[in-house]
Amino acid sequence: MDYIKGLNDRQREAVLHDEGPLLVLAGAGSGKTRVLTHRIAYLIEERGIFPGNILAITFTNKAADEMKERAIGLLSGNLDRIWMGTFHSICVRILRQHIDRIGFERAFSIYDRNDQIALMRECIEELGLNEDRYKDRLVLNMVGRIKDSMASPDDYIDERYMDPVRENMRGLYRLYEKKLKHNNALDFDDLIKRTVELFRADSDILEYYQRKFEYIFVDEFQDTNGAQYQLIRLLASGHRNLCVVGDDDQSIFGWRGADITNILSLKEDFHEAKTIKLEQNYRSTQNILDVANSIIKNNNGRMEKRLWTDRDRGKQVVVENVSDQDDEARTVLNRIWEHSKDGHYKLSDFAILYRTNAQSRVFEEAFMRNDIPYRLVGGLKFYDRKEIKDIIAYLRVIQNPVDDISLRRIINVPRRGIGRVTMGRVEEYARGIDSNIYDALMDVENIPGLSARARNSLRSFVDMMNGFMERQKAIGIGEFIEEVIEKVGYIGELEDKGDEEAQSRLNNIEEFLSVAVEFETYNPDGSLEDFLAGISLLSDVDKTEDRDDAVTLLTVHSAKGLEFPVVFMVGMEEGLFPIIRDSESDSDIEEERRLCYVAITRAEELLYISHARVRTIYGRMNYSKPSRFIYELPEDLIDVKGELNRDFHRGFNDMAINPNERLIRVRDYTRRPMAPSGRVAVDQDQIKEGTKVKHAKWGFGIVAQLKDRDDDREATIIFDDVGLKRLLLSIAPIEIVNGG
DNA sequence: ACGGGCGTCTTTTTT
DNA sequence: AGACGCCCGT
């Protein structure tokens with residue numbers, strides 16, 4: 001049949017796999033998308049599976065679209081009914097149907113990182129906690145990780161050892177959850193967690209979906225977290241036709257809760273799973289693959305895999321030593337010029353990969369100066385612009401009036417004379433009637449202490465919003481949004497201002513309108529909720545327009561799953577890539593190395609790696625050494641331009657990583673590998689996140705975060721008196737405090 | 001209520 | 001270096 005034409009043996013085996021669970025370990029560029037699309041087509045055409053009974057989960061919406069398109073190319077029918085999308089969008093789709101079953105309303109808002117921060121700040125303030133000691137982002141990270149693993153705060157924090165700090169942490173978590181509920185809002189983590197909760201709460205709903213999804217596919221399985229795994233496990237436990245595709249070497253989202261041991265869990269929960277390895281690479285030259293292999297082999301506990309290709313050796317990988325970031329940009333531009341002037345490569349064949357978003361700026365400037373079109377993935381995002389966020393906040397309030405975070409954002413934008421004092425009174429009243437701001441506003445005549453002026457402003461604001469809610473039912477989304485922007489006075493204020501910035505804001509609003517119109521065209525029945533959810537669940541890659549012919553600038557994380565004929569890996573300096581927070585500690589080097597591996601394997605034909613001797617960070621000059629990863633490259637395969645001092649870095653070889661670390665690693669978050677014995681100051685096994693400790697100098701504190709170091713563990717501890725500190729457990733003079 | 005001036009912190013990576 | 005929040009003067 002057509003579905004297996006041109007596939008290698010292993011790929012064919014995966015495509016034709018009969019019933020039951022299947023684990024495809026797919027090396028970079030080994031044609032996994034091909035396997036997925038062909039298998040889907042095969043199931044539909046040959047096995048007569050109805051597309052609506054297939055669920056395929058991808059990492060970005062773009063990947064879903066691509067997969068859909070490619071599968072359609074193999075089919076005679078269409079794929080309209082297939083469920084294909086990201087974890088988050090699939091969950092939203094389910095929750096919009098059934099979330100009332102677990103006490104939310106179907107019009108729930110979806111909170112992004114900024115909304116989360118705003119909400120957490122409220123919590124910290126409301127509990128009267130010291131903002132220096134309880135950093136919103138740190139608390140949020142903790143909360144997020146708890147949610148990712150499906151644990152509740154009470155699972156996480158042991159009742160027997162309560163103390164003020166721990167009590168506060170739990171209080172914050174609880175208040176945060178309460179506020180989300182109060183605002184009828186879900187954060188990103190909730191989208192997954194609440195869906196699992198829904199399934200656990202209502203077996204009828206679960207059974208419905210278990211029966212519906214006869215075949216389930218999960219792409220990029222190595223980057224799923226605990227909650228996502230639970231979701232898959234629940235859904236797949238009926239038909240057990242679960243096909244996951246992943247590569248442990250490309251696991252780069254550990255910091256976000258991704259748990260590579262899900263692969264082990266899968267083998268336990270679906271013990272009959274068949275494993276197929278894809279090792280033939282169709283993307284890169286042999287030189288590039290050798291370079292990639294020579295990097296990744298320095299990691300421990302891998303599932304052994306060795307990429308090979310029958311393609312040519314190709315050109316040598318070039319390592320460039322440049323003086324600073326401007327020199328780096330210049331060098332890259334010259335290379336691009338060199339390779340594109342004879343028409344051999346198009347601009348869209350080039351990609352610049354960096355470790356942190358901040359590095360894009362120099363390149364943007366260089367491209368702009370030289371009039372070279374580029375497209376920037378991530379970074380300063382369109383949807384992060386103030387004016388767009390304001391409009392979205394309006395729409396959210398119209399959709400879900402109890403969303404206080406959004407309401408507070410726009411109640412005085414544009415200026416309506418509703419200031420801090422007025423809002424203080426309104427919110428106090430809202431708390432008094434145990435309700436939301438919007439409810440309070442509906443009751444504006446009864447709010448004490450308002451000036452007549454403020455009362456009038458509030459009244460007309462509510463009237464206006466009520467009007468929108470009615471109006472929304474009557475007309476299409478594009479027209480509706482245009483009306484909102486107009487009536488709200490946003491355009492008027494900007495036009496009055498009339499400077500360059502205001503003009504660019506107006507243009508952005510114009511662009512937002514065309515997004516809405518486009519949405520309406522493609523989704524004639526789409527609701528305002530669908531529109532808003534669609535926007536908030538876009539990944540950076542999704543948000544970036546495919547410009548005709550432009551160089552792509554993006555982080556290595558964003559580049560996952562993409563490929564380019566020519567790749568520039570820039571900023572390959574110790575401390576930046578691998579990134580290291582402070583001079584004392586290195587972060588998880590193995591994940592950094594995997595990141596490096598992902599970057600290298602994006603390249604098809606040419607790969608340039610550059611490192612600068614001087615880099616300006618925070619406006620300060622820093623001398624930097626070449627990345628340790630550069631020294632892991634095989635000498636005979638690289639072409640070094642300029643000096644590379646091999647003695648310089650010899651020290652890194654001594655920092656060998658405990659070879660057993662990977663194997664010891666267990667999937668229970670609370671159990672961690674022991675550090676090597678000999679210089680253990682405290683029984684490390686006893687120390688968990690949440691453990692109360694006493695430090696010789698800094699007194700009492702609570703462990704907020706634990707991280708594995710090379711052969712040690714680093715604890716982030718919040719001390720009662722001195723606040724946040726980072727310590728290595730093997731040498732820190734701390735002891736565990738029992739009781740309360 | 002609002003805008004300007006000054007001090008602070010930042011940067012890991014993102015659905 | 002730049003963004004952001006905070007304080008103060010209008």
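Lettering of chains follows the sequences in order, A, B, ..., and the numbering in each one begins at 1. The basis for the numbers below is simple: all heavy atoms, side chains too, and nothing from hydrogens, waters or symmetry mates.
- In this structure, A/Phe87 reaches neither bases nor backbone, as no heavy-atom distance under 4.0 Å exists between it and the strands shown.
- Residue A/Ser558 is classed as a sugar-phosphate contact, given heavy-atom separations below 4.0 Å to backbone atoms only.
- Taking atom CG of residue A/Asn225 and atom P of nucleotide B/dT15, one finds them 14 Å apart after rounding to whole Å.
- The main-chain N or O of A/Ala612 is found under 3.5 Å from a side-chain atom of A/Ser624 such that the two form a donor-acceptor pair.
- The separation between A/His557 atom NE2 and B/dT13 atom P is 9 Å, rounded to whole Å.
- The separation between A/Phe577 atom CZ and B/dT13 atom P is 12 Å, rounded to whole Å.
- Distances were taken from every side-chain heavy atom of A/Arg361 (C-beta onward) to each of B/dT13, C/dG2, B/dT15; the shortest belongs to C/dG2.
- Nearest nucleotide to the A/Asn357 side chain, out of C/dG5, B/dT15, B/dT13: B/dT13.
- Between A/Tyr618 and A/Arg113, the residue anchored nearer the 5' end of DNA chain B, judged by the nucleotide with its closest heavy atom, is A/Tyr618.
- Centroid-to-centroid, the aromatic rings of A/Phe253 and A/Phe59 come within less than 6.0 Å.
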So A/Glu66 and A/Thr58, side-chain contact (heavy atoms from CB on, under 4.5 Å) or not? Walk me through it. CA-CA 10 Å; A/Glu66 249 174 55; A/Thr58 56; over 6 Å; no

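- Using a 4.0 Å heavy-atom cutoff across all strands shown, A/Thr60 reaches no nucleic acid atom at all.
- Note that A/Arg96 lies in the cation-pi zone of A/Phe108, set by a 6.0 Å cut-off to the ring centre and a 45° limit from the axis.
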Sub-3.5 Å pairs of nitrogen or oxygen atoms, protein against nucleotides 2-4 of chain B:
residue: B/dC2; atom: OP2; partner: A/Asn412; partner atom: ND2; Å: 2.9
residue: B/dG3; atom: OP2; partner: A/Arg415; partner atom: NH1; Å: 3.0

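- Residue-level contact check: A/Val556 touches neither bases nor backbone, having no heavy atom under 4.0 Å from any strand.
- One can place CD1 of A/Ile617 at 11 Å from P of B/dT12, the figure rounded to the nearest angstrom.
- Atom P of nucleotide B/dT12 and atom CD1 of A/Ile252 are separated by 16 Å, given to the nearest angstrom.
- Along DNA chain B, the nucleotide nearest to A/Arg137 and the one nearest to A/Asn61 differ in position, and the one closer to the 5' end is contacted by A/Arg137.
- No donor-acceptor pair closer than 3.5 Å links the side chain of A/Glu365 to the backbone N or O of A/Val362.
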Show your working on side-chain contact (heavy atoms from CB on, under 4.5 Å) between A/Gln359 and A/Phe577 and close with a plain yes or no. CA-CA 12 Å; A/Gln359 289 166 259; A/Phe577 198 166; over 6 Å; no

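- Remark: P of B/dT10 and CG of A/Leu138 are 12 Å apart, rounded to the nearest angstrom.
- Candidate nucleotides B/dA1, B/dT15, B/dT12 were compared by shortest atom distance to the side chain of A/Val421, and B/dA1 ranks first.
- Under the 30°/60° scheme for interplanar angles, the aromatic rings of A/Phe363 and A/Tyr354 are found to lie parallel.
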